[in-house]
Amino acid sequence: MTMTLPRILAIETSCDDTSVATLEGFQVRSNVVYTQVLHEQYGGVVPELASRAHMEALVPTVDSALKKAGWALKDVDAVAVTQGPGLLGSLLVGHSYAKSLALSLGVPLLNVHHMEAHMLAHFLVEPGIQETAIPGFPYLCLTVSGGHTQLVVVHEWNRFEVLGETQDDAVGEAFDKAAKLLSLSYPGGPVIDRLAQSGKPIFTFAQPQMPALTFSYSGLKTSVMRSMQARVKEVPASLTDELSDWCASIQVALVQPLLEGLQAASLQTGITRIALAGGVSANSHLRQSCQTLASELGWDLYLPPFSYTTDNAAMVGAAGYFAFQHQRYGSMSSAAKAKMHD
Ligand code: KG4
Ligand code: ZN
């Protein structure tokens with residue numbers, strides 16, 4: 001007997017990426033991401049412009065995702081959508097569209113928590129992109145994005161235990177702020193990562209003393225700035241001539257606490273299935289260091305493919321498929337939320 005898997009259309013509009021994916025169960029058929037480059041000129045996401053851009057991009061992105069999969073709208077069995085957390089105006093565009101689509105097609109609406117979707121991206125299967133083993137529950141997930149820095153035990157698809165998190169800025173935010181100090185473009189994380197490849201971490205910065213499993217990134221900007229001022233006195237062109245060394249040094253300083261946190265959390269919980277999630281999990285130094293730790297400490301490491309690290313709708317589809325299997329359908333009176341339960 002062949003089982004037909006439900007066909008899920010997934011929508012993500014929580015920040016500055018308009019993304020739509022089609023999935024059969026966990027199998028990704030298409031994952032279209034339209035990144036709003038218009039924010040680059042402002043050095044950060046402008047919420048009002050983001051929601052307008054979502055309004056313009058959403059329908060063409062849905063069309064493109066359906067076309068790539070060879071589906072028509074009538075083929076869709078459920079609509080998954082990010083309900084929150086994120087920018088309210090942006091979320092509203094995707095969420096109200098998803099509600100009306102589900103209503104008009106007469107199919108279930110699947111409300112998805114954006115951060116849970118990042119953590120459940122490991123279940124996606126896509127030929128040529130993600131073919132490796134999927135983690136079993138429970139696994140320990142380091143969730144690192146522009147808004148979050150958390151150590152989470154994923155007990156079940158809908159049971160997440162936050163062991164510790166940042167007390168102030170998120171690590172992605174710290175990458176972006178540091179990049180601004182170096183006059184690099186937004187978002188700064190990928191630029192720092194690229195430039196760091198040819199640099200050496202020769203500069204050091206004061207690291208805050210934090211309680212176990214917690215992080216703090218708000219002070220780093222000041223301490224980077226102080227180091228820069230001191231260095232520029234000795235080498236006036238340091239910020240351009242030694243740019244790649246600054247990037248490598250900042251990257252090491254930002255990643256080090258994450259590696260320490262992961263080791264401590266693994267030791268405390270006894271969990272050795274380790275996963276990374278969120279935009280910063282694309283960082284090459286973080287990925288390489290985790291691979292080294294994994295071979296030293298016997299971890300089973302799950303690194304998301306690059307296309308599932310930053311915001312994408314495929315991960316929303318993965319979380320949505322879990323909800324579908326458990327018949328946790330969203331109601332037509334549900335609303336987008338800027339803040340969600342943790
Ligand atoms: O998960 P994400 O796409 O959006 C949020 O939900 O926040 O994460 C975006 C963040 C940005 O701060 C960006 O600079 C960072 O992820 N990022 C990186 C890299 N790629 C993206 N940070 C460091 N290295 C990277 N390669
Ligand atoms: Zn995200």
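Indexing begins at 1, ligand by ligand and atom by atom, following the structure's order. Hydrogens, waters and symmetry mates play no part in the numbers below; they use all other heavy atoms, side chains included. As the structure is a prediction and not an experimental result, all values here were calculated from the model.
For the Zn ion (ligand 2), the N/O/S atoms of His114 include one lying under 2.8 Å. Among the backbone and side-chain atoms of Cys15, no N/O/S atom is found under 2.8 Å from the Zn ion (ligand 2).
In summary, the atoms of ligand 1 found under 4.0 Å from a heavy atom of Gly147, numbered by their order in the structure, are 7 (O). Heavy-atom contacts of Pro187 reach the following atoms of ligand 1: 14 (O) (cutoff under 4.0 Å).
Among protein heavy atoms, the minimum distance from atom 3 (O) of ligand 1 is reached at Asp311 N, 3.1 Å. The nearest protein atom to atom 22 (N) of ligand 1, hydrogens excluded, is given as Gly189 CA, 3.3 Å; this is a heavy-atom distance. Nearest to atom 15 (C) of ligand 1 among the protein's heavy atoms is Val280 CG2, 3.9 Å. Among protein heavy atoms, atom 26 (N) of ligand 1 sits closest to Asp193 OD2, 2.9 Å. Counting only heavy atoms of the protein, atom 21 (C) of ligand 1 lies nearest to Gly279 O, 3.3 Å.
Side-chain contact, Glu12 with Thr82: a donor N or O sits under 3.5 Å from an acceptor N or O. In this model, a donor atom of one side chain and an acceptor atom of the other lie less than 3.5 Å apart for Gln197 and Ser284.
For a threshold of 3.5 Å applied to N or O pairs, the pair formed by Phe175 and ligand 1 contains no separation below that value. Looking at ligand 1, you'll find an N or O of Gly172 within less than 3.5 Å of one of its N or O atoms.
Taking the Zn ion (ligand 2) as reference, Asp311 places its N/O/S atom OD1 nearest.
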Under the criterion side-chain contact (heavy atoms from CB on, under 4.5 Å), I'd like the reasoning laid out for Trp299 against Leu140: C-alpha separation, chi angles, the key distance, then a yes or no. CA-CA 11 Å; Trp299 290 349; Leu140 188 63; over 6 Å; no

Trace of the side-chain contact (heavy atoms from CB on, under 4.5 Å) decision for Tyr97 with Val59: CA-CA 9 Å; Tyr97 177 88; Val59 173; 4.0 Å; yes

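When each of Asn31, Ile8, Leu9 is paired with Thr22, the side chain to side chain contact (heavy atoms under 4.5 Å, CB included) condition holds for Leu9 and for no other.
Side-chain contact between Thr310 and Thr35 is absent, with no heavy-atom pair separated by less than 4.5 Å.
When the options Gly146, Ser14, Gly86, Cys15 are ranked by their closest heavy atom to atom 10 (C) of ligand 1, first place goes to Gly146. For atom 23 (C) of ligand 1, the candidate residues are Val33, Leu254, Asn283; the nearest heavy-atom contact is made by Asn283.
Although no hydrogens or angles enter the test, the distance criterion places a donor-acceptor pair under 3.5 Å between the side chain of Asp245 and the main chain of Lys200. Ser19 places a side-chain N or O within 3.5 Å of a backbone atom of Val32 that can act as its donor or acceptor partner.
Between Trp157 and Phe322, the ring-plane angle classifies as parallel under the 30° and 60° cut-offs. In this structure, Phe137 and Tyr139 have parallel ring planes: the angle between them is below the 30° cut-off, well short of the 60° mark.
When heavy-atom distances to ligand 1 are checked against a 4.0 Å cut-off, His114 comes that close only through its side chain, counted from C-beta outward. Only the side chain of His118 comes within contact range of ligand 1, with a heavy atom under 4.0 Å; no backbone atom does. Contact annotation: for Asp176 versus ligand 1, heavy atoms closer than 4.0 Å belong to the side chain alone.
For the pair Arg52 and Glu56, the salt-bridge criterion is not met [side-chain N within less than 4.0 Å of a carboxylate O].
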